[in-house]
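It should be emphasised that the depicted structure is a prediction, and the values quoted were computed from it without experimental measurement. Just the heavy atoms: all of them, side chains too, but no hydrogens, waters or symmetry mates, feed the values below.
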Amino acid sequence: MTVSRRRAVAVKIHCPVSALTFDALLNGDGDAVEHDPAAAAMLAVIRADNPLGDFKLYKGVCEISPGWESFQPGPDAEPTMGSAGERALSPTAIITTYADADADLAPALEALMAAHPWETPVIELSEVQLLER
């Protein structure tokens, strides 16, 4: 078997989810993200006609992990949850997807930013290499 490498961009989205969705994820119910408004919006962008999650034979590929986002909004912030000046802890779905390194990601990234409910979305981009057969 021949293994090759493909240059790609990993797109890691930290998305707030409800406590109910988070608990369901922790209990093994992966479909819970489909019913969470914020997570469903991120997944809709990934599944749309764009380079995100494109593995040629598979479309809309992503990994979903539960996590926590800790933050303290500044005095001028208008946080989605929590209050200015007080530390908050948000249950979060961490959604990671990939795209070819040479793909035009601007429209898809703009769609993710527009759909994200946070005042300051956390969306990480990093160059990676993926193995292929």
From R5 CZ over to L130 CG, what is the distance, rounded to the nearest 0.5 angstrom? 11.0 Å
For R133, enumerate each residue passing the side chain to side chain donor-acceptor pair (under 3.5 Å) test, keeping only those at least two apart in sequence or located in another chain. none
Sequence-distant partners of H14, ring-ring contact (aromatic ring centres under 6.0 Å, His included), two or more places apart: none
Looking at NZ of K12 and OG of S65, how far apart are the two atoms once the value is rounded to the nearest 0.5 Å? 8.0 Å
Please go through I13's hydrophobic cluster and name the other residues, only I, L, V, M, F, W, Y counting, with side-chain heavy atoms under 4.5 Å joining them. V9, V11, L25, V33, M42, L43, V45, I46, L52, I64, I95, L105, L109, L112, M113, I123, L125
If you count every heavy atom of other residues, nucleotides or ligands that lies below 6.0 Å from E119 atom CD, does the total exceed 12? yes
Taking side chain to side chain donor-acceptor pair (under 3.5 Å) as the cut-off, I'd like each qualifying pair that reaches into residues 81-91, sequence neighbours left out, listed once. none
Any idea which heavy atoms bring D36 and S18 closest together, and the distance? OD2-N, 3.0 Å
Between A41 and A115, what is the shortest heavy-atom contact and its length? CB-CB, 4.1 Å
May I have all residue pairs that pass ring pair (Phe, Tyr, Trp, His ring centres under 6.0 Å) and include part of residues 62-93, sequence neighbours excluded? F22-W68
Which pair of non-hydrogen atoms, one from A24 and one from A32, has the smallest distance, and what is that distance? CB-CB, 3.5 Å
Atom of A93, atom of V17 and distance for their closest heavy-atom approach: CB-CG1, 3.7 Å
Quick one: which residue pairs count as a ring pair (Phe, Tyr, Trp, His ring centres under 6.0 Å) with a foot in residues 30-62, not counting sequence neighbours? none
Residues in side chain to side chain donor-acceptor pair (under 3.5 Å) contact with D102, at least two apart in sequence or another chain: R7
Write down the atom of A103, the atom of P51, and the distance for their closest heavy-atom approach. CB-CB, 3.6 Å
Applying salt bridge (charged side-chain N to carboxylate O under 4.0 Å, His left out), which residue pairs with at least one partner in residues 44-56 are found, sequence neighbours left out? E34-R47, D54-K59, K56-D100
Contact summary for T80 and P117, nearest pair of heavy atoms: OG1-O, 2.8 Å
Test item: Q72 side-chain N/O and G85 main-chain N/O as donor-acceptor pair under 3.5 Å: yes
Could you work out, with ring-ring contact (aromatic ring centres under 6.0 Å, His included) as the rule, every residue matching Y98, not counting sequence neighbours? none
Residues passing the salt bridge (Lys or Arg N to Asp or Glu O under 4.0 Å) test with E110, sequence neighbours excluded, are none
Linking Ile, Leu, Val, Met, Phe, Trp and Tyr through side-chain heavy atoms less than 4.5 Å apart, which residues share a cluster with V122? W118
Please name all residues satisfying side chain to side chain donor-acceptor pair (under 3.5 Å) with E132, sequence neighbours left out, ordered by chain then number. R6
